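Worksheet: the structure to be examined is printed underneath.
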Number of protein chains: 2
Amino acid sequence: MPTSTRFAVAVHILTGLAVSEGKPLRSEDLAWSANTGAVVIRGLLSRLSDAGLTRSQLGAGGGSLLAKPAKKIRLLDVYAAVEDTELFSLHRTPPCESCAVGGNIIAAIQPALDRARKALEAELAKTTVADVAAEVARLGKFSIPLAW
Amino acid sequence: MPTSTRFAVAVHILTGLAVSEGKPLRSEDLAWSANTGAVVIRGLLSRLSDAGLTRSQLGAGGGSLLAKPAKKIRLLDVYAAVEDTELFSLHRTPPCESCAVGGNIIAAIQPALDRARKALEAELAKTTVADVAAEVARLGKFSIPLAW
DNA sequence: AAAGTGTGTAATAGTGATGATTACACACAA
DNA sequence: TTGTGTGTAATCATCACTATTACACACTTT
C-alpha cells in the first residue's frame with residue numbers, strides 16, 4: 001500500500017494553525033515546519049478549505065486560518081478531507097464470476113471490511129485538532145523552547 | 001491508508017481452501033478463481049505459509065491446504081500475514097525538529113493513530129475465514145449453481 | 001529409477017499513486 | 001500601483017504493487 005502522507009501533514013497544518021491563534025500562516029511557513037514544498041501545502045489547504053476546515057486570506061500579510069474552532073475539527077474530518085482511496089482495496093481485476101468462491105467473495109467480505117472501517121473512523125472521531133495542539137504544547141514544555 | 005489487494009486476494013485464497021475441504025488446490029486453480037497469475041498466488045501462499053495459515057503438498061496431485069481449521073483463522077491473522085506497510089504513513093521527510101509543532105507533532109498524533117489502528121484490528125479479529133466461507137456458501141444458494 | 005507435476009523464488013517490466021518542483025494567473029493589502 | 005501570497009496546471013522522479021517469464025527443486029506416481 002503506497003499510503004499517502006497527506007493525512008499526517010494535514011493534521012500538522014491544522015495543528016500549526018491552531019497554535020497560531022488567529023494569526024494567518026503562509027503556506028511557506030507551514031512548508032518549512034513540515035519540511036516539504038509550499039505547493040504541497042497549498043494542495044492540502046485546498047482540500048481542507050473545500051471541506052470547510054480552513055480559509056485563506058489573500059494578499060500581503062495573508063495566509064491560512066482555521067475556519068472553525070480547533071475543538072470542532074475531528075481527525076475523522078481531516079481524514080475524510082484529504083484521503084481519497086478506499087481503506088481496503090479489493091481485487092485489481094474482478095474475480096471469476098462463475099466460481100463458487102470468486103463469484104461471491106466480494107459480497108461476502110464487504111460487511112466485515114465495512115465494520116472494520118467504521119471502527120477506525122469512530123476512533124478517529126474521538127480526537128480533535130485541539131487535543132493534538134494541546135499535546136504538542138505539553139510535549140513542547142519538555143523541549144528546549146525555540147521560536148517558530 | 002490504502003491497503004494492497006493482497007489482503008482481499010489472500011482471504012479469497014483461504015476461503016477457497018476452506019470450501020475445498022481437504023482437497024489440495026493448485027496455485028493455478030486459485031489463480032483462475034481470483035483472476036490473476038499463479039505466481040502472484042504462490043507469493044501470497046508463501047506469506048500465508050510463513051504465518052502458519054497454510055501448507056503445501058509438492059508433486060503430482062499436490063497443492064495447498066489450510067494448516068489449521070478455518071474457524072481458527074481470523075481476518076486479522078490474514079491481514080498481518082500479507083500487509084507489510086503501516087496503516088498510517090507519517091511525513092515522508094521528518095518535519096522540522098526545531099519547530100514548536102514540527103518537533104512534537106509525530107509524538108502528539110501517534111497515540112490517536114495507534115488507537116484507531118487497534119480498533120480496526122479488533123474488528124478484523126472478530127471475523128474468521130469460516131465465517132466468510134459460510135457467507136460465500138449462503139450467497140451461492142441464490143446464484144445459478146456452477147461447478148468450480 | 002524415470003517421468004511428470006507443482007511449488008518456491010529470482011528477475012524484469014509495466015502501471016499508478018504520490019510528492020517535489022516550476023511556472024504563472026489572479027486577488028487582495030498596503 | 002506595487003508587492004505579497006494564494007490557487008492551479010503541468011512535469012518529473014520515485015516507489016510500491018502486480019503481472020509475467022524463467023528455472024531449480026521436491027515429491028508423487030508409475
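Remember, it's a predicted structure, so these values are computed and weren't measured experimentally. Every chain is numbered from 1, with letters handed out A, B, ... down the list of sequences.
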What verdict does the salt bridge (Lys or Arg N to Asp or Glu O under 4.0 Å) test give for B:Arg138 and B:Glu135, after you've listed the backbone C-alpha separation in whole Å, the side-chain angles of each residue and the deciding distance to 0.1 Å?
CA-CA 5 Å; B:Arg138 194 182 69 81; B:Glu135 182 67 6; 3.0 Å; yes
Does any non-hydrogen side-chain atom of B:Val9 lie less than 4.5 Å from one of B:Ile41?
yes
Set of salt bridge (charged side-chain N to carboxylate O under 4.0 Å, His left out) partners for A:Asp77, sequence neighbours left out:
A:Arg74
Looking at [N], I'd like to know if its phosphate oxygens (OP1 or OP2) sit under 4.0 Å from a side-chain N or O belonging to [X].
| X | N | result |
| --- | --- | --- |
| B:Thr36 | D:dA19 | yes |
| A:Ser4 | C:dA17 | no |
| B:Ser46 | C:dT7 | no |
| B:Ser56 | C:dG8 | yes |

Do the rings of B:Tyr79 and B:Phe7 sit parallel, tilted or perpendicular, given the 30° and 60° boundaries?
perpendicular
Mind checking if B:Gly43 touches a base, just sugar-phosphate, or nothing, with heavy atoms under 4.0 Å?
nothing
Whole angstrom is fine here: how far is it from [atom1] in [X] over to [atom2] in [N]?
| X | N | atom1 | atom2 | value |
| --- | --- | --- | --- | --- |
| B:Leu44 | D:dA16 | CG | P | 18 Å |
| B:Arg92 | D:dA16 | CZ | P | 10 Å |
| A:Leu87 | C:dA17 | CG | C1' | 16 Å |
| B:Ile41 | C:dG6 | CD1 | P | 16 Å |
| A:Trp32 | C:dA20 | CH2 | P | 17 Å |
| A:Glu83 | C:dA17 | CD | P | 14 Å |
| A:Glu28 | D:dT4 | CD | P | 11 Å |
| B:Leu45 | C:dT9 | CG | P | 11 Å |

Under a 3.5 Å threshold, yes or no: a donor from one side chain and an acceptor from the other, between A:Ser27 and A:Arg42?
yes
A:Thr127 pairs by side-chain contact (heavy atoms from CB on, under 4.5 Å) with which of A:Ile73, A:Val11, A:Val132, A:Leu76?
A:Val132
Polar atoms only, N or O, under 3.5 Å: list the protein pairs with nucleotides 22-30 of chain C and their distances.
none

side-chain hydrogen bond (donor to acceptor under 3.5 Å, both in side chains) involving A:Lys126 - partner list, sequence neighbours excluded
A:Glu123
Tell me which nucleotide among C:dT18, C:dG6, D:dT18 gets nearest to the side chain of B:Arg6.
D:dT18
Output the single nucleotide from C:dA20, C:dT7, D:dG5 whose closest atom is nearest the side chain of B:Ser27.
C:dT7
